[in-house]
Peer 1: 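I have a structure here, written as C-alpha cells, and I will follow up with some questions on it.
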Amino acid sequence: MSKVIEKDILVGTRVPKMDAPDKATGRTRYVNDMVLPRMLVAKILRTDRVHAKILRIDTSKARALPGVHAVITADDTPQFGIGVLKDNPPLKKDKVRCIRDEIAAVAAETEDICDEALALIEVEYEDLPPVFDCTEALAEGAPVIHEDRPDNIAMVNEFSSGDIARAEAESDHIVEGDYNVHYVTHCNMGVSCAVADVDYDGKVTLYSQTQYPFIMKMDIAPSLGVHPGDIRIIQPPVGGAFGSKLDVYPYEPICVFLAQKTRRPVKLIFSRSEEFIASPTRQPVEFKIRAGMKADGTLTFRDIDTLLNNGGYTSWGATTPYVTMRTCSSHYRVPDIKYRARAVYTNNPFAGSFRGYGNVQATWAIETHMDRMAEVAGLDPLEFRLKNANESGDVSPQGSKLNNIDLKGCLQIAADKSDFLKKWAEYKEGWNKPGRYKRGIGIAASLHNAGGAKIHKSDGCGTILKMDDYARVTVITGASDIGQGIDTVIAQLVAEELGIPVRDVTLVMNDSATGPWDVGVHASRTTYIAGNSAKRAALKAKEQILRGAAKQSNLTWEQLDLRGGHVVQADNGEAIIPLDRLLRQMHFAGQDAELVMVTDYYEPPSEPEDENHVGDMSAAYSHAAQVTEVTVDTFTGEVKIDQIWWVQDVGKVINLTTLEGQVEGGIAMGLGYGLSENLKIENGIVKNPFFRDYHVFTAPEMPPIDMTFIETLDEEGPAGAKGIAELPTIVPAPSIGNAVYNATGVRIYHPPLSPETVARALFDADAGKAMAAE
Amino acid sequence: MSETASQAVPRIEAYYAPTSLEEAVEQIAAGDVAIVAGGTDLMVTANGALRRIKRGLMNIRHVPGLDGIAETGGRIRIGALATMTDILESDLLRAKAPILPATADRFASVQIRNAASVGGNIANASPAADMVIPLLCLDAEVELASWKDGAVSTRTLPITDYFTGPGKSKREAGELITAVEFDAQGAGGHAAFFKTGPRPALEIAIVSMGFMARIDGGTLSDIRIAFGAVAPTPIRAPETEKLLDGQTLDDDLIARALESADTEIKPIDDVRGTAWYRRRLARVYLEEELRNVLEG
Ligand SMILES: Cc1cc2nc3c(=O)[nH]c(=O)nc-3n(C[C@H](O)[C@H](O)[C@H](O)COP(=O)(O)OP(=O)(O)OC[C@H]3O[C@@H](n4cnc5c(N)ncnc54)[C@H](O)[C@@H]3O)c2cc1C
C-alpha cells in the first residue's frame, strides 16, 4: 500500500514574505544602488520662481566644465507634454509655473561635477503675478497659468442622481460643513531614481521605480520621440512607491534624453529635499458639504462641491474625484446625490496618486460630517451609521453593486471590542469637568474598490507559468511588486494548486520584455487580479499534468490530484507518482514530448463608468471600520493615540502576516495624515522639505492595534479574497478627529490635528464660550 | 537681471584629522575648514544645501582631551566631544547634575544621541538647542581654544553671555570649543527639563524649558529658569527668577510668575510653530513645574 498524502492548505497561513530576508539584511539591490559600466550621473536644474517667463538660459559655462558630458534644455528636446493632460513638458521652454519646474539637466562623471555645472547655468526670468488659492485662481482677471486654459480650470467632474431640491424639501435637518484637507507626500525611503540606457539602434532600456510598466511605455514614448515598442522597462526592487510612480514625471524622460545624447548609461537620483519638493503630493481638497436627513436620522441627500488645488500641471491628482465621488455617492445609503469637483491650476506644486487615492480626503469629510449629523439627529455615532449602512445587494446611485459586503459587521465588531458606546457616553460627560488630560473615543468607516478599478480599457493581468524537470515553477507575471508582497501571495496560490512547497516557486516580475501585460499596481487590485490570473494559470498547468498522469493510469484526470510533490488519487490521497518524475516522463517522450508551460490573461468582470459616471467599475467592494481611543493634553494640544480597533472585510485572509503588515503600514500613514504630516506650502514654496520638520509616524509612536478580519468570501476573488491595501490609510484620520471631539467637545474640520491646531481650537472654543457667557 | 538659479554645495577638497589640540587650532587658524564632531548638524545642512560648507573638513574626534566627563576641585568638566549618550549614562552627572541626563533623555533618538556632541550643540547656536538649556541653568562656562602667537591660547565665556543670535555667538572664527564647566555645588538641587513633542524622540523643540531651584520647606531659592526656541537665542528668565526668589508659592505668585515669564520671552512664527503657540507652551511648562513644586 502506497503512502497517503493530505492536501497542504497554504491559503490563510503565515507564509513569510519572500523578499524580507534580503531586505532586512541589506542584500537587496534597489534601483538606487545600480551601477552600469560607463555610467554617468545626472542632475536637474529646477527653477526658484513660482511663475515667470524664461527670457534666457545660458549653459555655455556649464558645457565647458571638464567632466560634463551633456547639458540639455528645452531647445535640445522634443516639446511634448507628459501627465494626464499632457500639459507638462519635461523641460520648460517659455515659462515656469511652479517651484519644481525643470529648466536644464546635466550628465557628468560625478555628482559633484553635476552640482558645479548646475551652478554655472545662468537663467534670466521675468516674474509673472502668481496665484496660489483656488478661489482666487477662478476669479475674473486672475493670472493665467496655461494660456490654452484661460479660466484656469484643469478638469471638472460632476455626478448627479435624483432631485436635490425635492430631497431638501423632504428633509427635517440639513447639516452643512467645510472641510479642507492638506498637502502630504509619500516619503518613500528610496528617493526617486532612474537609470536609462540607449542602444546603437536607439532602443531604450529604462530601469525605473514605475508602478505601471506597460502603460508607461505608451505614456513616455511621445515625449522621447521613440516608438513605444522600442522601450523596455525594467523594475529593480524599489524603496516604496505608494502611488507616487503611477505617472511619468519629468525626471524619467530627462534621464533618457541624457542617455540618448551621451550614448552612455545615465543615472538620475533625487536628494531628499528634492524628493519633498519635486515628487507628487496627495491632492489637497476644499469640500463644501450639505447633507439632509429625516427626523429619525435616515439620510436623504448629499450635495457636495469641491475645489482641488491642481498646482502648475496635471497628474493623477486632478482625477482623484473619480474615487472621492464613489465615497460621496456610495458610502451609506443616500438616495439623492449631487457632486462637483473642479481642479484649478495655481502656482503650487502638483499632486499625483497616493494610496487611498481621493478616498482619504473623502472619508475625512464624509465621516466627520456623519459624526456631526448623528449629534443633530440625537443618535450615537454607531447607531446613526448602522441605520444608514449599506447591505449586500445594494446598488449605489453610481452603479456600484455592493455584493458580499459587511459594513454593519465592521462597525458592530469594532464597537463591541472597544466597548465604544459605554466609553463614548462616559467621555462626553467629561467636557465640562476640570482636568488637563481628556480621553475620547471615535469611530469611522469607509468603502473602497476591492476588485480593481476599470479606468483603462482593460483592468487585466497576464501570467506565464512554466515547470522544469524538477517540478520547480517559474511564474512570470505582469504584476508589479513595490514591496506589498504580491510575490509571496502568488507563490502561495500557485504552490497550493500544484501541491508543491512555496519555496519551489520563483517569481519573475520586473521586465516589460518578458512579462505579459498588466495595468499596474494601484487601486488595491494586484492580489485580486494578478492573483486570479496566477491561480488560473496554475489550474491550467495542473490539468495538463493530471492529463499526462492519467495516460499512465486507469483513472481519469479528474480523479487525480496534486499533493506533497506527488500525483495522488483524489478521493483517498494515495500517492501514484512523484511529480518531478512525471514531468520528466512527459518531457522526454519522443514525438509525444510536452513541457508544462501555460498562459493566462484575466480580465475582471467590472465595467467602465459611462459618461455620467455610472458603472460597476470594480469587481468587488469592501469596508473597514476603526475605533480610536485617545488622550488629549488640552494644554499643549498633544493627542496621544492609546489604542486602535481595526475591523476589515478582506473577503478571505490569504496570508495573515502580509495582511497585518499592510494594515499596520497603512494605519501608520493614516495616523500621519490625521496627526502629524503636513507639507507646508507658502506662496508656492515648500517650507519643510526635511524629515526633521515633516513628521511621519515612526515605530515608537505606533499605538497597539487590535485587528479583526471578516471573511465574506468574494465569489470572484482568488480563494474569496478582496483587495485590502488602501482602506487602512483611508479610515484612521476621521476616527481620530471624532475621538478628539468626544474628548473635548471641540470639532476640528481641517487635518492634521497637530498639537498647535488642537491647542488653538480648544483655546478659541474657550474664548468663544467666555464671550457667550458675558 | 541675471543670476545663477542654484546654489550648489562646493566640493570638499581637503580632509584633516588632527591628533593634537595644537595641530587642530593651528589648522583652524590657517582657514577655510569646517569642524565636524558628530556631524549630525553639519551633514544635514550640507546635504540639504542649506549652507555652504567649507572646502576643508576637519574631524576633531582624534584630538585627545576633548572628551570625558569629570569632577576636579569642585568643578564638573564636560569635554566638547562628550556625546548625549555619554551624558545620559554618566553616573557622575546623574548624582550631581541630574538636569543634564534628564535633558539627554529627551534628545533626538538613540542613533543621533550616540553621535551628537555637546560642543556641536553649543557651536551650532540654534535657539532650540536642547543641551544649552540645562547648561544655562547651571551657569556653565564655555572654554574656547585658538592659535595665538604660535601657541594654543584659551579663554572662557559664561554661556549666559555666549549666544548673540540664531546661529551666532561670541566664538571667533579661529576658536574651537574644548569643554564646558560648572560648579558642582548647587548643580544637584531640584531640576526638571520640558520639551514639546508628542513624539518620544526625534523632535526639534517648539519650546523647551529648564528649571532648577533649592526648596526649603516650601520656600524657593537659587532659582534658574531657562527657555529654548522662544527668542533669537536660548535665554534665562532673570526677572521671573527674582520674582520667585525667597518666596513661598501660592496661586497668586504662580500667576505673576507666568505673566513675568511671558514678558521675558520673544517668540516668533516659524515653520515649527507660531509665536502664539510658543507663548502658550512656555506658560504651560512653567505652570506645570511650579504646581509640581507647590504640590511637592
Ligand atoms: C534627526 C536629528 C534629530 C535631532 N534632534 C535634536 C534634539 O532633539 N535636540 C537638539 O538640541 N538637537 C537635535 N539635533 C541637532 C544636533 O544633533 C545637535 O545640535 C548636536 O548636538 C550637534 O552635535 P554634532 O557633534 O553632531 O555637531 P556637528 O554636526 O559635528 O557640528 C555642528 C556645528 O558645530 C561645529 N562644531 C562642532 N564641534 C565643534 C567644536 N568643538 N568647536 C567649534 N565648533 C564645533 C561644526 O563645525 C558645525 O558647524 C538633531 C539632529 C538630527 C539630524
Side-chain angles (χ1 to χ4, degrees), chain A residues 43-49 55-58 61 103-104 110-127 271-274 436 633 635-641 675-676 678 680 682 687-695 697-698 700-701 754-757 759-760 763, chain B residues 1-13 40-41 43-50 52-53 55 108-112 126 128 194-207 209 267 269-288 291:
Chain A
K43 285 208 167 225
I44 294 171
L45 178 69
R46 298 178 186 282
T47 187
D48 57 356
R49 307 303 166 98
L55 300 181
R56 184 179 66 90
I57 307 175
D58 183 351
K61 286 184 198 147
I103 302 290
T110 68
E111 222 177 307
D112 287 338
I113 299 174
C114 282
D115 280 331
E116 249 176 276
L118 291 185
L120 291 172
I121 298 173
E122 291 169 18
V123 189
E124 206 176 319
Y125 295 104
E126 180 188 317
D127 284 316
S271 70
R272 178 55 68 186
S273 295
E274 200 175 14
R436 172 171 176 175
D633 181 337
F635 289 5
T636 63
E638 287 163 28
V639 176
K640 184 173 157 289
I641 309 289
L675 285 172
S676 62
N678 192 359
K680 294 185 181 161
E682 280 172 31
K687 296 302 230 184
N688 54 341
F690 327 97
F691 281 120
R692 191 186 64 197
D693 295 327
Y694 180 100
H695 291 165
F697 240 70
T698 56
E701 292 157 271
S754 68
E756 174 158 0
T757 299
R760 184 83 222 190
F763 177 84
Chain B
M1 187 194 66
S2 172
E3 61 197 89
T4 52
S6 158
Q7 298 288 321
V9 190
R11 271 182 287 176
I12 291 165
E13 285 165 356
T40 61
D41 272 322
M43 297 322 290
V44 173
T45 46
N47 290 339
L50 293 179
R52 285 179 161 268
I53 119 163
R55 299 229 164 224
S109 60
V110 175
Q111 295 94 323
I112 297 287
S126 158
F194 287 75
K195 178 181 174 182
T196 357
R199 288 194 175 195
L202 282 172
E203 190 84 79
I204 304 286
I206 301 174
V207 171
M209 186 190 83
D269 292 351
D270 73 10
V271 72
R272 294 188 199 119
T274 62
W276 175 86
Y277 189 50
R278 294 194 150 104
R279 284 192 182 282
R280 175 156 180 94
L281 287 179
R283 180 177 276 268
V284 166
Y285 292 159
L286 184 57
E287 177 161 16
E288 182 179 347
R291 296 224 171 267

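None of the values given here were measured: they were computed from a predicted structure. Chain identifiers are assigned alphabetically (A, B, ...) following the order of the sequence lines, protein sequences preceding nucleic acid strands; residue numbering begins at 1 within each chain.
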Peer 1: Of the options B:V284, B:T196, B:V207, which is the one that meets A:T636 in a side chain to side chain contact (heavy atoms under 4.5 Å, CB included)?
Peer 2: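 Only one option passes, and that is B:V284.
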Peer 1: Picking from A:R272, A:K43, A:K680, A:K640, which has the most non-hydrogen pairs under 4.5 angstrom with chain B?
Peer 2: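 Among the listed options, the one with the most contacts to chain B is A:K680.
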Peer 1: With a 4.5 Å heavy-atom cut-off, do B:V271 and A:E682 have their side chains touching?
Peer 2: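 A side-chain contact is absent here, since even the closest heavy-atom pair is not under 4.5 Å.
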Peer 1: Hey, could you give me the CD1/CZ distance between B:I204 and A:R692, rounded to the nearest 0.5 Å?
Peer 2: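 One finds 5.5 Å between CD1 of B:I204 and CZ of A:R692.
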Peer 1: Between CZ of A:R436 and CD of B:E287, what distance do you get to the nearest 0.5 Å?
Peer 2: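 One finds 9.0 Å between CZ of A:R436 and CD of B:E287.
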Peer 1: So, for B:R280 and A:A759, which heavy atoms are closest and what is the spacing to 0.1 Å?
Peer 2: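 Minimum heavy-atom contact is NE-CB, 4.3 Å.
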Peer 1: Using a cut-off of 6.0 Å, state whether more than 12 heavy atoms not belonging to B:E288 lie near its atom CD.
Peer 2: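 Atom CD in B:E288 is packed in, count exceeds 12.
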Peer 1: Name all residues meeting the ring-ring contact (aromatic ring centres under 6.0 Å, His included) criterion together with A:F635; count only those two or more places apart in sequence or in a different chain, and write none if there are none.
Peer 2: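 Checked A:F635 against ring-ring contact (aromatic ring centres under 6.0 Å, His included); zero matches.
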Peer 1: Please list, chain by chain and in numerical order, all residues satisfying side-chain contact (heavy atoms from CB on, under 4.5 Å) with B:D270, sequence neighbours excluded.
Peer 2: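 B:R272, B:R278.
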